[in-house]
Enquirer: 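Below you'll find the structure I mean.
Chain identifiers are assigned alphabetically (A, B, ...) following the order of the sequence lines, protein sequences preceding nucleic acid strands; residue numbering begins at 1 within each chain.
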Amino acid sequence: MTGNPKISLQSLSVRYGRKSVLRNISFAVPANSIFAIIGPANSGKTTLLKCLNRTIEIIAGSHVDGQICIDGLNIHAGGDVYSLRRRIGMVFPLPVGLPMSVFDNVAYAPRMAGVRDKELLGHIVEDCLTKAALWDEVKDRLDSLGSMLSGGQQQRLTIARALSHDPEILCLDEFSIAIDPVTTMRIEDMLVELKERMTIILVTNLVQQARRLSDRTCFLNKGELVQEGPTEEMFGDSNANRLTYDYVRGVFG
Amino acid sequence: MSDPADIPAKALFVATPAVRRRLRSQRVAVVCLSLASLAIFLPLAAVLIGLVKKALPALTWEFIVDVPRKGMTAGGIWPALVGTLYFVTLSLLAAAPIGILAGIYLNEFARDNWLTRVINLAVVNLSGVPSIVHALFGVAAFVIMLRWGQSIRAASATLAVMVLPVIIVATKEALSAVPRSFREACWNVGATRWQTIRTVVLPNSIGGILTGVILAVSRAAGETAPIMVTGAIFYKVVARGDLFPYSINEQGMALSYHLYQISRNVPNMPESMLYATALVLVVFVLAFNSVATVLRVRLRRRKKW
């Protein structure tokens with residue numbers, strides 16, 4: 001791996017009360033790459049993302065050990081958790097259209113960060129909705145309620161909102177679950193373009209999506225890191241790790 | 001393909017005896033349920049109709065804006081009506097801000113620890129305390145300890161303590177009706193908890209909160225016990241139609257206490273005046289309740305998710 005990693009995890013462990021969810025996870029994500037996390041349900045993928053923007057701390061009883069560094073700086077070493085969250089865009093599997101207009105949904109994060117300039121807000125909204133492949137469908141009804149859009153549209157609205165604060169890191173957790181294949185492809189194309197400007201973490205159950213898009217892949221199973229490496233090697237025929245080999249071929253699971 | 005007309009009409013979908021039995025028991029259930037609903041409505045309607053009938057002879061504009069005359073047996077109820085407005089407004093000014101802020105804190109910020117649980121338990125129990133106990137508390141705390149004496153402010157403070165749990169519980173319920181996913185979406189883009197509450201949670205729960213506040217009003221207006229020992233008075237000289245007849249340091253008349261007095265302690269009280277006073281009190285409370293209902297319906301109509 002060349003250069004300093006954008007994100008690095010060192011022996012990250014998470015438990016909720018006594019229930020251990022992640023055990024001793026270490027890996028590094030290079031800047032300007034797409035990093036896929038695959039693994040069956042309950043393997044701790046979503047928890048891992050919540051550790052990155054420290055929303056895990058809101059969950060009662062959660063306990064995090066280990067270290068997460070972004071640009072070499074420990075995210076737990078104090079500092080403003082809200083500016084940390086603004087550096088990370090999060091898209092979770094269930095779409096959330098906030099009960100406000102489509103425009104306000106996307107302008108929400110910039111406004112909360114203090115942007116007041118109407119022209120700038122309009123520009124951000126159009127840009128983010130375009131990237132999320134939603135602009136053409138909603139450009140004539142930006143003032144209709146975001147929470148009344150269809151499920152697939154709300155999911156793209158969620159993606160637009162995650163991009164609206166211009167994050168350096170974009171985390172997508174099963175983003176394509178409510179979106180049709182054609183739109184999924186458009187968003188996937190957009191992700192490849194966005195890679196130039198940000199680091200993308202893609203949690204997916206579709207192993208082929210991970211294979212198509214990612215530069216590196218890690219495979220989590222039951223809270224443990226099974227294997228992490230360049231995507232071609234992970235999916236290659238010569239992969240010596242039996243578990244990964246079986247999982248990516250759909251044998252195991 | 002056969003002609004649709006050829007398909008025998010009764011070949012399929014014949015109700016079996018089991019299905020007919022289920023339908024029969026459903027009909028019985030519907031009848032019982034609707035009778036129960038009627039049993040709630042009928043007494044209320046009967047009370048209202050009876051009240052209006054008996055009150056009609058005394059019910060004039062003069063009755064509302066005039067002061068009591070001839071030892072209560074003539075004139076009107078103006079000082080009592082204004083007094084009730086005083087009690088309700090003052091108690092609300094104290095209870096609504098505290099109750100709403102406490103509700104927001106308990107629902108949005110408080111961690112689940114023993115202190116929070118104790119406070120929640122206290123809120124629930126406080127709403128179950130009989131109003132006469134609140135009255136005694138008011139005497140001890142406001143009349144004696146704070147040396148406010150028997151006064152409108154002591155009585156209003158007592159009422160405020162009494163309706164506080166109503167407002168807290170309504171606020172908490174309204175807030176927790178806003179899906180948690182909305183809050184998480186806001187936190188994920190770097191909004192603080194307070195920004196999230198201000199921009200997303202409160203705008204979508206304000207209807208429920210207001211409903212709770214208004215219900216608290218109607219409860220405060222109807223109570224007699226808490227004010228009769230803390231600040232209500234039998235009679236006070238007041239100018240006819242005066243909107244601000246009282247100082248909050250003195251005692252004031254109130255509709256509920258007035259009604260209690262004229263129905264028990266005033267000889268030769270004309271019956272129609274008694275019922276007219278009761279009707280005014282009921283309409284006062286019902287009016288607030290209807291505002292709450294209208295508000296709730298209107299806010300539900302533009303439900304946003």
Side-chain angles (χ1 to χ4, degrees), chain A residues 46 49-50 52-61 80-101 104-115 128 144-149 154-155 157-167 170-171 173, chain B residues 104-121 171-211 295-305:
Chain A
T46 303
L49 292 189
K50 286 189 172 176
L52 282 183
N53 73 353
R54 291 179 58 186
T55 45
I56 185 96
E57 291 162 21
I58 297 167
I59 301 169
D80 179 21
V81 66
Y82 304 107
S83 30
L84 168 72
R85 285 177 194 160
R86 278 199 285 274
R87 292 171 66 179
I88 303 173
M90 278 283 175
V91 178
F92 285 110
L94 288 178
V96 179
L98 293 172
M100 47 179 83
S101 73
D104 290 343
N105 257 281
V106 184
Y108 185 81
R111 277 188 180 140
M112 290 302 108
V115 178
C128 295
S144 62
L145 275 176
S147 46
M148 290 299 176
L149 295 177
Q154 283 196 40
Q155 182 62 323
L157 183 64
T158 311
I159 294 175
R161 200 171 51 226
L163 292 170
S164 66
H165 42 101
D166 198 18
L170 179 64
C171 302
D173 189 354
Chain B
I104 292 175
Y105 176 78
L106 288 174
N107 200 65
E108 301 292 322
F109 290 99
R111 295 210 164 236
D112 186 25
N113 54 27
W114 67 269
L115 184 64
T116 314
R117 276 181 230 142
V118 166
I119 294 175
N120 279 323
L121 200 68
T171 304
K172 276 175 65 184
E173 265 166 22
L175 292 174
S176 55
V178 177
R180 186 179 162 84
S181 60
F182 290 170
R183 296 178 178 83
E184 283 175 355
C186 296
W187 297 335
N188 278 330
V189 296
T192 63
R193 271 174 185 251
W194 178 241
Q195 281 180 321
T196 305
I197 292 167
R198 196 166 45 79
T199 54
V200 172
V201 181
L202 276 184
N204 291 294
S205 55
I206 197 74
I209 295 174
L210 285 182
T211 306
L295 211 63
R296 201 164 49 222
V297 168
R298 285 189 57 166
L299 287 163
R300 197 193 293 141
R301 198 179 299 145
R302 50 186 195 106
K303 194 91 178 161
K304 290 182 171 175
W305 67 86

Enquirer: Could you have a look at A:Asp80, A:Leu98, A:Thr158 and say which one has the most heavy-atom pairs with chain B under 4.5 angstrom?
Expert: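 Greatest number of close heavy-atom pairs with chain B: A:Leu98.
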Enquirer: Please state whether the side chain, the backbone, both or neither of A:Arg161 comes within less than 4.5 Å of a heavy atom of chain B.
Expert: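 Backbone plus side chain of A:Arg161, per the 4.5 Å heavy-atom cut-off to chain B.
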Enquirer: Work out which heavy atom in B:Cys186 is nearest to a heavy atom in A:Tyr108; give both atom names and the distance.
Expert: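 Minimum heavy-atom separation between B:Cys186 and A:Tyr108: SG-OH, 3.4 Å.
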Enquirer: Could you look at A:Ile88 and say if it's the side chain, the backbone, both or neither that has a heavy atom under 4.5 Å from chain B?
Expert: backbone
Enquirer: Determine, stepwise, if the pair A:Met112 / B:Thr199 fulfils side-chain contact (heavy atoms from CB on, under 4.5 Å).
Expert: CA-CA 9 Å; A:Met112 290 302 108; B:Thr199 54; 3.4 Å; yes
Enquirer: Let me see the working for B:Val200 and A:Met100 under side-chain contact (heavy atoms from CB on, under 4.5 Å), right down to the final yes or no.
Expert: CA-CA 8 Å; B:Val200 172; A:Met100 47 179 83; 3.5 Å; yes
Enquirer: Under the side-chain contact (heavy atoms from CB on, under 4.5 Å) rule, what do B:Glu184 and A:Thr55 come out as? Steps first, then yes or no, please.
Expert: CA-CA 8 Å; B:Glu184 283 175 355; A:Thr55 45; over 6 Å; no
Enquirer: Report, by ascending residue number, the residues of residues 104-115 of chain B in heavy-atom contact with chain A at a distance under 4.5 Å; give 'none' if the set is empty.
Expert: B:Arg111
Enquirer: Which answer fits B:Arg180, side chain, backbone, both or neither, if we ask what part of it has an atom under 4.5 Å from a heavy atom of chain A?
Expert: side chain
Enquirer: Does B:Thr211 have any side chain to side chain donor-acceptor pair (under 3.5 Å) partners at least two apart in sequence or in another chain, and if so, which?
Expert: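 Counting only residues at least two positions away or on another chain, B:Thr211 forms no side chain to side chain donor-acceptor pair (under 3.5 Å).
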Enquirer: Which heavy atom of A:Arg85 sits nearest to which heavy atom of B:Trp187, and what is that distance?
Expert: CD-O, 3.1 Å
Enquirer: Give, for atom CD1 of A:Ile58 and atom CG of B:Asn188, the distance between the pair rounded to the nearest 0.5 Å.
Expert: 8.0 Å
